[in-house]
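Reviewing the structure listed below.
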Amino acid sequence: MLQAEFRYEGVTDRTDFLFPTSRTVGESDGWGKYGIGDNDALEGAALRFRDEKRREDRLRRAGHPVARWEMADAVRVEPLATALQRAYVRLVRPRDRAGLASLRHTPRALPHRAR
């Protein structure tokens with residue numbers, strides 16, 4: 001399920017994914033949201049990072065395991081699979097090896113310098 005919302009401790013939090021059978025919250029991290037790039041932006045980035053950690057703590061206190069990954073993890077597949085498994089998400093069908101192999105050729109799979 002995409003972008004589930006929860007209200008805990010008087011705050012509404014939105015997640016990137018929810019795996020209902022395990023109540024696991026999935027977060028696909030994009031580092032751009034922190035706005036880290038120059039010294040003026042660092043204070044704002046620190047506040048966003050703090051808010052993110054507090055949101056994640058609220059979700060965990062409410063009993064949600066949390067899995068985090070970034071796009072490079074999803075494209076390489078195994079890091080994403082490991083993160084989900086460690087957060088109690090069960091594999092519901094065998095992996096589509098041919099479909100997963102096609103991810104190797106996506107531009108996001110390439111190292112940043114090679115693009």
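These numbers were taken from a predicted model, which means no experiment stands behind them. One-based numbering along the sequence shown. Only this structure's heavy atoms are used, side chains among them; waters, hydrogens and symmetry mates stay out.
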Legend entry - Side-chain cluster (under 4.5 Å, hydrophobic types only) that Tyr88 belongs to, other residues: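 Answer for Tyr88: none, a lone residue.
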Is there a side-chain contact between [X] and [Y] in this structure, where contact means two heavy atoms from C-beta onward sitting under 4.5 Å apart?
X	Y	value
Leu91	Gln85	no
Phe17	Val25	no
Asp51	Arg48	no

Legend entry - Hydrophobic cluster identity match, Phe6 and Met1, side-chain contacts under 4.5 Å: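 In one cluster: yes.
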Legend entry - Common cluster, Leu2/Leu84, ILVMFWY with side-chain heavy-atom separation under 4.5 Å: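 Shared cluster, yes.
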With sequence neighbours excluded, residues passing side-chain hydrogen bond (donor to acceptor under 3.5 Å, both in side chains) with [X]:
X	value
Thr21	none
Arg14	Glu5
Ser22	Thr24

Inset, instruction - With side-chain contact (heavy atoms from CB on, under 4.5 Å) as the test, would you mind laying out the steps for Asp73 and Glu70 before giving the verdict? - result: CA-CA 5 Å; Asp73 297 333; Glu70 56 187 75; 3.5 Å; yes
Inset, instruction - Please list all pairs passing the salt bridge (Lys or Arg N to Asp or Glu O under 4.0 Å) test where one or both residues lie in residues 77-89, with sequence neighbours left out. - result: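 Qualifying pairs, neighbours excluded: Glu78-Arg95.
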Sequence neighbours left out, cut at 3.5 Å: what donor-acceptor pairs do the side chains of residues 56-67 make with other protein atoms?
residue: Glu56; atom: OE1; partner: Arg68; partner atom: NE; Å: 2.6
residue: Glu56; atom: OE1; partner: Arg68; partner atom: NH2; Å: 2.7
residue: Glu56; atom: OE2; partner: Arg60; partner atom: NE; Å: 3.3
residue: Glu56; atom: OE2; partner: Arg60; partner atom: NH2; Å: 2.4
residue: Arg58; atom: NE; partner: Asp13; partner atom: OD2; Å: 2.8
residue: Arg58; atom: NH2; partner: Asp13; partner atom: OD1; Å: 2.7
residue: Arg58; atom: NH2; partner: Asp13; partner atom: OD2; Å: 3.4
residue: Arg61; atom: NE; partner: Glu9; partner atom: OE2; Å: 2.9
residue: Arg61; atom: NH2; partner: Glu9; partner atom: OE1; Å: 2.8
residue: Arg61; atom: NH2; partner: Glu9; partner atom: OE2; Å: 3.2
residue: His64; atom: ND1; partner: Arg23; partner atom: O; Å: 2.8
residue: His64; atom: NE2; partner: Tyr8; partner atom: OH; Å: 2.7
residue: His64; atom: NE2; partner: Arg23; partner atom: NH2; Å: 3.1

Legend entry - Atom of Pro79, atom of Arg76 and distance for their closest heavy-atom approach: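 It is CG-NH2, 3.4 Å.
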Inset, instruction - Of all the heavy-atom pairs spanning Asp16 and Ser28, show the shortest one and how long it is. - result: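 Shortest heavy-atom separation between Asp16 and Ser28 comes out as OD2-N, 2.9 Å.
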